[in-house]
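We're numbering straight along the sequence, starting at 1. In listed order, ligands and their atoms are each counted from 1.
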Amino acid sequence: MEHLVIQGGNKLYGEIDISGMKNSALPIIFSCILIEEDCILDNIPRVSDVENALEILRLMGAKAHFIEKNKVLINTKNISENICGYDLISKMRASSYLMGVMLSRFKKAFLPTPGGCNFGHRPIDLHLKGFKSLGASVVCDDSFVSISAPNGLVSRKIVLDKISVGATINMILASVFINGTTIIKNIAQEPHVDDLICFLNRCGAKVSREKNMIVCDGVNKLHGTSYKIFPDMIEALTYTTYLGITKGEILLKNINFSHLKFSSCIFEGMGYTIKHSNEELKVKINKIPFGTSVITKPYPGFPTDLHPQLASLLCFTKDGGIIKDEIFPTRFRYVNELQKMNAKISNIDNYVLIKPSKMRGATTDATDLRAGAALIGAALGCREESRINNVNYIVRGYENIVSKLTSIGGKIKIIKGDTKNGSN
Ligand code: UD1
């Protein structure tokens with residue numbers, strides 16, 4: 001157990017290198033099960049979800065380890081037909097991708113129901129319905145899922161009932177080796193979907209996306225490759241929310257601006273000055289930001305994964321705002337924590353109403369990854385010291401957040417023990 005101690009009140013100035021995108025790295029790492037040769041993946045963030053995904057592959061008999069700071073070598077030639085690492089799987093949402101890859105390679109997948117971030121019900125019904133449409137039989141209860149297609153999967157046209165990143169990715173993973181053409185409609189268009197498609201095509205797959213449709217022409221085999229993962233748009237946007245809280249100027253390096261366009265417009269509307277090239281984003285703000293109201297939507301809309309961080313920022317604005325989460329309508333456990341810091345925030349149904357607040361430092365609990373990121377933002381804006389428990393959630397998805405913030409003037413340190421047992 002560790003906790004963060006943050007002494008807020010400093011403006012932030014400097015440069016931050018944005019890491020590779022966790023939500024691309026995870027499906028791409030699991031997709032290496034489809035490839036029986038060496039794959040070298042670059043720009044892989046060293047976050048605990050990635051370490052756990054590599055550990056699952058190793059437990060199954062694969063070679064999967066860092067060969068450089070952010071470069072991983074994976075070879076799954078000798079992996080077992082049986083999934084291992086049940087404890088890790090049940091803690092990680094992205095382990096659901098094991099269903100698609102194992103079904104593709106071994107015609108069967110038996111695993112614990114995938115876990116994930118702690119912000120409400122995370123069903124997998126769309127994934128299972130998709131596998132059934134491709135000819136698999138599925139048996140599942142609250143604890144385990146068993147999927148099999150002993151005679152192989154069959155190409156079909158699938159229309160997802162709802163836009164889902166996970167289900168879209170699983171349908172791609174399941175379709176790569178199916179004879180004929182599989183069409184997937186009403187898909188998620190997040191950059192991580194395109195990242196996976198680029199990687200698989202580099203390995204010899206024939207997958208294309210046009211707007212909300214994916215066409216997959218089956219191939220017999222994939223070959224190894226080297227591939228660099230896209231930058232993490234949520235990490236870049238999280239630091240952008242911090243700047244509005246603290247004021248200052250930061251240069252975010254190694255970004256892909258096309259992924260940040262929509263959200264950048266929202267920040268400009270709040271009073272930020274934003275300059276960019278394709279790979280760098282300079283954000284500046286030296287006044288109290290204006291409020292805003294957003295509804296989370298699938299990409300290219302406002303990301304649900306930025307909702308809690310924006311809520312923190314709104315506490316520090318002139319006029320507050322409303323955030324409605326249409327993707328995860330119960331993603332509000334951070335609200336109680338912000339209230340401990342004197343936030344005037346209330347949750348009604350699937351939205352939060354936030355008024356400008358006189359925030360003050362407090363001890364809070366990160367309730368999930370993005371909630372933890374939001375509490376860091378709030379703490380950076382308070383002159384008093386704040387302490388945040390449950391750092392384990394935050395290190396699931398933010399590489400080197402303590403050293404990155406320190407390098408731009410944040411006063412933040414990580415301390416052993418949580419604040420409750422008194423061990424510092
Ligand atoms: C992924 C991301 C997560 C992000 C989310 C939405 C990973 C590891 N996680 O999660 O960070 O917040 O996309 O951008 O990449 N749904 C169903 N049935 C299903 C699957 C989903 O009803 O079988 C619903 C969900 O409850 C939610 C919506 O579909 O309301 C979108 O969820 P989805 O895009 O699938 O999220 P994940 O892939 O789990």
Could you grab the distance from atom CG of Asp38 to atom CG of Asn75, nearest 0.5 Å is fine? 4.5 Å
Test applied, side chain to side chain donor-acceptor pair (under 3.5 Å); reference residue, Arg331; option that passes from Thr304, Thr367, Asp368: Thr304
Using heavy-atom distances, let me know which of Leu306, Ile169, Asp125, Thr304 sits nearest atom 14 (O) of ligand 1. Thr304
Within-cut-off N or O pair, Val165 and ligand 1, under 3.5 Å: yes
For Ile234, is the nearest heavy atom under 4.0 Å from an atom of ligand 1? no
If I take atom CZ from residue Arg93 and atom CZ from residue Arg122, how far apart are they, to the nearest 0.5 angstrom? 5.0 Å
Is there a heavy atom in Asp305 that sits closer than 4.0 Å to ligand 1? yes
Ranking His307, Arg93, Arg122, Lys22 by closest non-hydrogen atom to atom 10 (O) of ligand 1, top hit is Arg122
Validate the cation-pi geometry between Arg105 and Phe177: distance from NZ or CZ to the six-membered ring centre under 6.0 Å, angle to the ring axis within 45°. no
I'd like to know if Ala167 contacts ligand 1, where contact means a heavy-atom distance under 4.0 Å to any ligand atom. no
Indicate, as side chain, backbone, both or neither, the part of Tyr299 found under 4.0 angstrom from ligand 1 when only non-hydrogen atoms are considered. neither
Side chain of Thr76, backbone of Ile35: donor and acceptor closer than 3.5 Å? yes
Applying a heavy-atom cut-off of 4.0 Å, say which part of Ile163 lies close to ligand 1: side chain, backbone, both or neither. backbone
Report the C-alpha separation of Tyr334 and His307 in whole Å, then their side-chain angles, then the decisive distance to 0.1 Å, and conclude whether the ring-ring contact (aromatic ring centres under 6.0 Å, His included) test is met. CA-CA 10 Å; Tyr334 70 89; His307 148 188; 5.3 Å; yes
Any N/O of Phe328 closer than 3.5 Å to an N/O of ligand 1? no
